[in-house]
Undergrad: 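Here it is: the structure, laid out below.
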Amino acid sequence: MRDTSSPSAEISVDAGTGYPRRSDLRYSFVAKIEVTGSSGKQIVAVTSNLSRYGCHVPTTTPFLPGTSVKLRIKRDRTTFESEGKVVYALSGSGMGIHFGNVPVGERVVLKEWLVQVSGAELEQRLRQSREANPSRPQKIIVLSALIVVLVATLALTLLWFGLL
């Protein structure tokens, strides 16, 4: 069965930078990842970012784009496992992997991680904003942004589980 819960694994490359345009927000996320190609070759690395649809794996020996992989991401005592496909490989920088056929239980793990890292990122931005001693209008803008992020997270969660 085809995974229809995410955008196409085809991601276009921005001609100006060589980096692909993202289909979703990516958050800084550091966790151990094991990526196994169809040939049995395995790469063990640490992720650098994560989204609902994929992650970036820094490695000097990335798999070629189009390679089907199985991956296991471990963070603290939690593990996420999924099939995937390499959508880009940047020599010396790593590869981007699009998740595919993600089981429902694994989607829950992924969602929990994304809620944690997006909340931490927002908290860091708010802290930096406070340290800069913003004026009252800036505080209102920051709080408005927080509300928008929370509403968007709720909407995306409801969409993800087909409740909207």
Side-chain angles (χ1 to χ4, degrees), residues 3 5-7 9 11-14 17-132 142 145-146 148-150 152-157 159-161:
D3 182 7
S5 64
S6 66
I11 298 177
S12 60
V13 174
D14 181 345
T17 63
Y19 285 92
R21 283 183 243 148
R22 305 288 184 217
S23 60
D24 197 25
L25 291 175
R26 290 205 173 197
Y27 297 95
S28 178
F29 185 82
V30 178
K32 179 182 176 185
I33 185 168
E34 300 167 0
V35 184
T36 306
S38 53
S39 67
K41 176 183 172 188
Q42 186 177 59
I43 294 174
V44 178
V46 176
T47 60
S48 63
N49 62 41
L50 181 74
S51 79
R52 289 183 301 160
Y53 305 120
C55 65
H56 178 80
V57 180
T59 178
T60 57
T61 57
F63 289 111
L64 293 175
T67 302
S68 292
V69 296
K70 291 188 179 188
L71 54 101
R72 176 181 293 137
I73 302 173
K74 296 179 182 179
R75 185 172 194 208
D76 299 324
R77 294 185 177 145
T78 309
T79 301
F80 168 82
E81 294 185 34
S82 175
E83 295 176 8
K85 185 175 189 178
V86 177
V87 291
Y88 67 87
L90 302 170
S91 180
S93 296
M95 61 186 161
I97 298 176
H98 180 272
F99 303 143
N101 298 321
V102 180
V104 174
E106 301 301 313
R107 288 182 196 170
V108 171
V109 171
L110 184 59
K111 179 182 144 280
E112 287 174 358
W113 283 346
L114 290 169
V115 167
Q116 289 172 6
V117 295
S118 64
E121 186 175 300
L122 184 58
E123 185 178 313
Q124 180 181 5
R125 287 182 186 174
L126 287 171
R127 190 176 313 113
Q128 289 172 344
S129 176
R130 274 181 268 169
E131 288 172 1
V142 170
L146 173 61
V148 168
V149 168
L150 291 173
T153 301
L154 176 61
L156 289 172
T157 301
L159 278 172
W160 189 326
F161 288 103

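Just the heavy atoms: all of them, side chains too, but no hydrogens, waters or symmetry mates, feed the values below.
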Undergrad: So, for Ile97 and Gly84, which heavy atoms are closest and what is the spacing to 0.1 Å?
TA: CG2-CA, 4.2 Å

Undergrad: Locate the shortest heavy-atom distance separating Ala31 from Lys74; write the atom from each residue and the value.
TA: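 Closest approach of Ala31 to Lys74, heavy atoms only: CB-O, 3.4 Å.
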
Undergrad: Check Phe99 against Ser51 and note the closest heavy-atom contact, atom names and distance.
TA: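 Where Phe99 meets Ser51 most closely, the heavy atoms are CE1-O, 3.7 Å.
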
Undergrad: To the nearest 0.5 Å, tell me how far Ile73 CD1 sits from Glu81 CD.
TA: 10.0 Å

Undergrad: Write down the atom of Ala45, the atom of Val57, and the distance for their closest heavy-atom approach.
TA: CB-CG1, 3.7 Å

Undergrad: Between atom CZ of Phe80 and atom CH2 of Trp113, what is the distance when rounded to the nearest 0.5 Å?
TA: 7.5 Å

Undergrad: Side chains of Phe29 and Gln116, heavy atoms from C-beta outward: is any pair under 4.5 Å?
TA: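 No, too far: nothing below the 4.5 Å cut-off.
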
Undergrad: Just wondering, do Arg75 and Thr47 contact through their side chains at under 4.5 Å, heavy atoms?
TA: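 No, their side chains stay 4.5 Å or more apart.
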
Undergrad: Taking the six-membered ring for Trp, are Tyr53 and His98 parallel (under 30°), tilted (30 to 60°) or perpendicular (over 60°)?
TA: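 Taking His98 first and then Tyr53, their aromatic rings lie parallel (interplane angle under 30°).
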
Undergrad: Rounded to the nearest 0.5 Å, what separates atom CD1 in Ile43 from atom CE in Met95?
TA: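 Ile43 atom CD1 to Met95 atom CE measures 4.0 Å (nearest 0.5 Å).
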
Undergrad: To the nearest 0.5 Å, what is the distance between CG on Asn101 and NZ on Lys85?
TA: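 Going from CG on Asn101 over to NZ on Lys85, the span is 11.5 Å.
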
Undergrad: Please answer whether the main-chain N or O of Gly100 pairs with a side-chain N or O of Ser82 as donor and acceptor at a distance below 3.5 Å.
TA: yes

Undergrad: Mind checking the CG-CG spacing from Leu150 to Leu154? Nearest 0.5 Å is all I need.
TA: 9.0 Å

Undergrad: Does atom NZ (Lys70) have a neighbourhood of more than 12 heavy atoms from anything else shown, all under 6.0 Å?
TA: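 Open.
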
Undergrad: Can you tell me how far CZ of Arg52 sits from CZ of Arg26, rounded to the nearest 0.5 angstrom?
TA: 12.0 Å

Undergrad: After noting the C-alpha distance and the side-chain angles of Leu25 and Leu114, does the key distance pass the side chain to side chain contact (heavy atoms under 4.5 Å, CB included) rule?
TA: CA-CA 10 Å; Leu25 291 175; Leu114 290 169; over 6 Å; no

Undergrad: Quick check: closest heavy atoms across Thr61 and Lys41, and the distance to 0.1 Å?
TA: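 Looks like O-NZ, 3.8 Å.
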
Undergrad: State, yes or no, whether a side-chain contact exists between Ile33 and Cys55 at a heavy-atom distance under 4.5 Å.
TA: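 SC-SC contact between Ile33 and Cys55 confirmed.
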
